[in-house]
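Whatever order the structure lists them in is the order used to number ligands and atoms, beginning at 1. Just so we're clear, the structure is a prediction, and the values are computed from it rather than from any experiment.
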Amino acid sequence: MSRLLTGTPGVGKSTLGKEVASISGLKYINKRNPMMAMMTSDCPILDEDRVVDEEGGVIVDYHGCDFFPKRWFHIVFALRTDTNVLYERLETRGYNRKTLTDNIQCEIFQVLYEEATTSHKEEIVHQLPSNKPEELENNNVDQILKLIEQWIKDHNS
Ligand code: DAT
């Protein structure tokens, strides 16, 4: 069982992914995890054998889904952040002007959400707002856990 958290850098994938993993028992995988090898800085490869064997399933954090096989993810969560909020987060990270502008445009044109809906069935892609701590704690964690629970019910009956 694999879930993907996608979205522009800075939208909150790693914060939410780690929180969901700590509550649900899913294993959190990002590009620093040995199960994800980076061919180049923008080309991830998941170690399918190890991921499939992972008891309890995995939640993968990556800014994109083009590189993964289409059959791979059962649910995709696309985080979205308002431009002004994202700008401040990326500025705090010390991104240079070009990287900042590229990422803000990526969010404005919802590049990663559209990539998710064109590379996966639309009904498995869920957009989640990620601007305030309350959205993380009260909304997104709960919603992800409910959708995972529902998926398990639907596929085990
Ligand atoms: P990503 O993994 O998508 O690059 P992150 O998890 O590192 O993003 O988060 C970027 C910053 O934003 C970090 O300082 C934590 C903060 N953040 C994440 N989700 C948030 C939310 N829902 N409300 C407020 N701040 C949030």
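- With respect to atom 17 (N) of ligand 1, the closest heavy atom belonging to the protein is Arg89 CZ, 3.9 Å.
- Looking only at protein heavy atoms, the nearest one to atom 2 (O) of ligand 1 is Ser14 N, 2.9 Å.
- Using a 30° and 60° split on the angle between ring planes, Phe68 and Phe73 fall in the perpendicular class, above 60°.
- Judged by distance alone, with hydrogens and angles left aside, the side-chain atoms of Ser130 form no donor-acceptor pair with the main-chain N or O of Leu79 at under 3.5 Å.
- Residue Pro133 places at least one N or O, backbone or side chain, under 3.5 Å from an N or O of ligand 1.
- Looking from atom 15 (C) of ligand 1 to the surrounding protein, the closest heavy atom is Thr15 OG1, 3.7 Å.
- Of the N or O atoms in Gly10, one or more lie within a sub-3.5 Å distance of an N or O in ligand 1.
- Nearest non-hydrogen protein atom to atom 23 (N) of ligand 1 is Lys132 C, 2.9 Å.
- The number of heavy atoms from other shown groups lying within 6.0 Å of CD (Glu88) does not exceed 12.
- Within ligand 1, counting atoms from 1 as listed, the ones closer than 4.0 Å to a heavy atom of Leu136 are 22 (N).
- Counting heavy atoms under 4.0 Å from ligand 1, residue Asn131 touches it through the backbone alone.
- Proximity of Ser130 to ligand 1 is established by a heavy-atom distance of less than 4.0 Å.
- Residue Glu134 places its CD atom among more than 12 non-hydrogen atoms of other residues, nucleotides or ligands, all under 6.0 Å distant.
- For the pairing with Thr99, the side chain to side chain donor-acceptor pair (under 3.5 Å) check across Thr101, Asp102, Asn96 returns one residue only, Asn96.
- The heavy-atom pair separating His63 from Pro9 by the smallest distance is CB-CD, 4.1 Å.
- Checking atom 9 (O) of ligand 1 against the protein gives a heavy-atom contact under 4.0 Å.
- The protein non-hydrogen atom at the shortest distance from atom 7 (O) of ligand 1 is Arg93 NH2, 2.9 Å.
- Considering each of Glu135, Lys13, His63, Glu88, the one bringing a non-hydrogen atom nearest atom 1 (P) of ligand 1 is Lys13.
- By the salt bridge (Lys or Arg N to Asp or Glu O under 4.0 Å) test, Arg80 is found to be paired with Glu107, residues two or more places apart in sequence or in another chain being considered.
- Hydrophobic clustering, defined by side-chain heavy atoms of Ile, Leu, Val, Met, Phe, Trp and Tyr closer than 4.5 Å, groups Ile45 together with Met39.
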